[in-house]
J.: 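Encoded as structure tokens, here's the structure I'll be asking about.
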Amino acid sequence: MLRLVFRRLGLGAITVGLVSLIIFAGVEILPGDACTAFLEREAQGKLLENCRNDLGLNRPAHARYLEWASGALRGDLGLSANGHKPIAELVGYRLRNTLLLAFCSMLAGIPLALFLGVVAALWRDRLPDLAISTVAIAAMTIPEFVSATILILVFSIWLGWIPGIVLTPADASIADFFPAVLLPVMVLTFVMTAHILRTVRSSVIEAMASDYAQMAALKGVPYWRIVFRHVLPNALLPAINVVALTIAWLLGGVVVIETVFNYPGLGRMMIDSISDRDLPVTQAIALIIASVYVGVNLAADLLTMIANPRLRTLHMRKG
Amino acid sequence: MMKGAETNDPIIRVSELSVGFTSRAGHTIPVLRDVDLAVFSGQSIGLVGESGSGKSTLALAMLGYMKRGLRLIRGEARFAGSDMFAMTGRELEAIRGGRLALIPQNSGQSLTPSLRVGAQLSEALELHTALAESEREARIVRLLEQVRLPDPAEIARRYPHELSGGQQQRVAIAMALAAEPEALILDEPTTGLDVTTQAHILELLRDLASKAGMAMVYVSHDLGAIARVCDRVVVMYAGEVVLEGWAREVLRDPAHPYARGLLASIPKLKDPRLPTALEGRPPAPGQAGRGCAFVARCAIAADKCRITRPELVLLPSGARVRCHFPERVGDLPLCSTGAYAVREMAQDVILSLGDLSITYARTGLLDQVLGRKPVMTPTVEGISIELARGETLGLVGESGSGKSTILKTVAGLMKPAGGRIELAGSGPLPPLVENRRPDQLRRIQLIFQNPDESLNPRQTIAEIIAQPLKLYFGMAGEALRQRTEELLESVRLGVHYMERLPSQLSGGEKQRVAIARAFAAQPDLVLCDEVTSALDVSVQAAVLDLLDRLRRNRNTTYVFVSHDLAVVRALSDRVAVLYQGRLCEIGPAAAVYSAPSHPYTQVLLGAVLEPGPGPAPPQAAADVVELSPPATGCAFQRRCPKRIGPLCDSDAPPWRSGADGHSIRCHIPWQEL
């Protein structure tokens, strides 16, 4: 078991390493570099040469990669091309803001998804299930910007309760983001709940049809006790991994939502950095998102292992 | 303590019960039809029939339970006077697991995986007894002791997956007994267990039932187990009760053609002949027609049987039978009608195993972290056997005896730790499949236990059988098609099966396809790994007959592995008995199955239950499945009922030879065995 944990950790580290290589290579293959982007039309001759010298861009690629990667390991992501500010500092607040968005969505979405998923499974093929499942499919198919626009229309324009756009600066305190953060949270919750609840529904249905659930009923265990004691602990294990995927998606894939609401998070920063051709910042954000992805999935695997007696006791008795 | 016995009313009464489902076309399809049944306190009743006969559905209906999709059409299932189907949820909860308990078929899957065994037992006590939480623990230990589990306190702390199949079954029994029920429903409780484990569990159940005056409803396809446990037997066919009577009569001289056919299709330990197959298969639900459901397979069917459905009639013997002509049933045979001839063996050796040993290196994860050396336990050791061309060798032993492991090694799926495998004409075989030449591969074919898993579900039957033909003989086009047809016909499947998929075939038909595929390679040696274990007895008899015909026509050599000793007897010329991966005895089938034989063989044979109630079988001294063989001495020392002393622990027993190549490995001299 311990060995398994170490192996997973090792594999995660290797994945992040490979991703960093791919990010770096991808940026390297693109025509132009930070200097051509920064100098724009003046990018020629002496000026370009000086800029490249300043940024160290004329050194061989592998040397630059090693410097970038070892810097990233120490938390130093380099300087941005625009304004030469430390990227770590720029990214810091943005990451916090995106985490705020993700955290609020999880806080609302996970319990909601578990509740609705279990309800849909227990009332399978009846009205509650049909209603929940239909809305869930709608939530998964309607593009986020459409649902976002509808929410803005309803809550900001018709009702006028919540501002439709976030004007708070990136480095404001968390309290300043309320209530503006609520609309993007609602959109994210909507989509994420749909994904998780469908997994929860199918695994609860499967567990309710299992031999052990039948046996519990035939041993005289009351219905709700079967559900909570025998079925849910086994049925919710597969949900852990879906929750992890959703969290990873929340942190990395909120680009559209942040753009629609003008929310100062990591996703919008990435869009901005790409349109500004600020390649060091793009690289750094891509690396952060990849690390979060790997980290969250790793955490989910470990959690599954701890929650599942089969895996937990693997080392104790064999066969 | 005869609870409920003060009145003479049955504890369980099923009357006019019909259960069914609604087909896609909107018709009501019955699965149980007009079932009438009564079980009295202290009585045990057996429900038998082929798969799909409705016996499990009936058992669950007695608990007021129907699987999803099934519904009550009419009738009732009363427990202690009240109808289970008319009760409220709360009333059902009080009875189920309390006064009426179930021992499920597959206890491994019926125990909740996330709860410790103790917690599940404690739940049963909490729901159905007045015991305080502090008293429950002691009670759990006593319950686990009662089902003879070693170290009950430790077992209670384990999760279900940490127990062996036999242990899980015992836990399920302990759970059913927790509230001292008045009646027990047992749904195939010993299916899948070793004969020795089964014998112990059945004795335990008999004992408990007679002490506590419990009523038992015992569902099984195994007539031997039924004979051991039950007073009365109910035979089910196509959702109907076709025969009900005292076990002695039903199992010795049944008054229904189906029950007779079933008995004749069971291989018997004392009968070296192949059993007679009961041809055909039962009608699918809803397809039974207006007349007798059994008419299509019945040898004495008349016009009347096709037109009117027979009623259950009471015979002078007290049995009830659903047949128009019970007086004619007595003419039908009860046992095999085949002739038995000792087969002459050729003298040339086709396969020789020389001092074969096989090792599983199993290391726990903790051991790996700590860098501990794995303990190399030889699973199979010192196997030397020679097989003559055309001979069939049966391999028998409990699970874990290494019989399947030997097959896999001969087939090249596992690498032996030592020894050699020699195939006449091909020399010593490379240990693994990937190193063997195509013609070496062709000559050895393996047939698996479960055709569901060994046939590719996406290939048609024609494609499945054509594969070895293309691979080994480069056949194509018309020749390939013709050969495929011939092979299908040789396993008695028509040409119309060619385009079907495995999922459209019954279990027996699938196994025939697997056999056709093996024979497509024109093998010299066919390895059969429990090939009939997943089949109903009537289908099993047909497959055995097929295997027998094929080997006679082609002079093929078989190694036949089965946990069912009677099946092995029916097909084998020679039998080898394995214990813990070591040979105990080998010899001609007739000699091994008659005295004198090795003490382990005697235990194995004694644990086999046959229809026809007899005295209690002798049992092994220690009722445990050993995990590893002892370091020195005889492998069977710990369980041997004839142990003579320290000699058995210290010295490996010598081989003692009798007539006809019959050898026994034991310290006890031949004459005294």
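Numbers restart at 1 for each chain; the letters A, B, ... are given by sequence-line order, proteins then strands.
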J.: Which atoms of A:Val221 are under 4.5 Å from chain B, going by heavy atoms: the side chain, the backbone, both sets, or neither?
T.: both
J.: Given heavy-atom pairs under 4.5 angstrom as the criterion, report whether the side chain, backbone, both or neither of B:Ala119 touches chain A.
T.: both
J.: Only one of A:Leu100, A:Leu99, A:Leu107 passes side chain to side chain contact (heavy atoms under 4.5 Å, CB included) with A:Phe103; say which it is.
T.: A:Leu107
J.: Would you check if B:Leu100 and B:Ile12 make a side-chain contact, meaning some heavy-atom pair closer than 4.5 Å?
T.: yes
J.: Is A:Arg229 in contact with chain B via its backbone, its side chain, both, or neither, using a 4.5 Å heavy-atom distance?
T.: both
J.: Taking everything shown except A:Glu206 itself, do over 12 heavy atoms lie less than 6.0 Å from its CD?
T.: no
J.: Which answer fits B:Ala101, side chain, backbone, both or neither, if we ask what part of it has an atom under 4.5 Å from a heavy atom of chain A?
T.: neither
J.: Once rounded to the nearest 0.5 Å, what's the spacing between atom CG of A:Leu218 and atom CG of B:Leu102?
T.: 5.5 Å
J.: Is it true that A:Arg225 and B:Glu93 make a salt bridge, defined as a side-chain N closer than 4.0 Å to a carboxylate O?
T.: no
J.: With respect to chain A, which residue among B:Ala178, B:Pro104, B:Ser107, B:Pro113 yields the maximal number of heavy-atom pairs within a distance under 4.5 Å?
T.: B:Pro113
J.: Which one, A:Gln214, A:Lys219, A:Met215, leads in non-hydrogen pairs under 4.5 Å with chain B?
T.: A:Lys219
J.: At a heavy-atom distance under 4.5 Å, which candidate from B:Glu123, B:Arg90, B:Gln109, B:Met175 has the highest pair count against chain A?
T.: B:Glu123
J.: Among residues 56-66 of chain B, which residues come closer than 4.5 Å to chain A, judged by heavy atom distances?
T.: B:Leu60, B:Leu63, B:Tyr65
J.: Would you say the side-chain atoms of A:Thr98 pair up with the backbone N or O of A:Leu95, donor to acceptor, closer than 3.5 Å?
T.: no
J.: Are there over 12 heavy-atom neighbours, none belonging to A:Arg96, within less than 6.0 Å of that residue's CZ?
T.: yes
J.: Do the non-hydrogen side-chain atoms of B:Leu177 and B:Met214 ever get within less than 4.5 Å of each other?
T.: yes
J.: Near B:Arg71 CZ, under 6.0 Å, is it more than 12 heavy atoms from other residues, nucleotides or ligands?
T.: yes
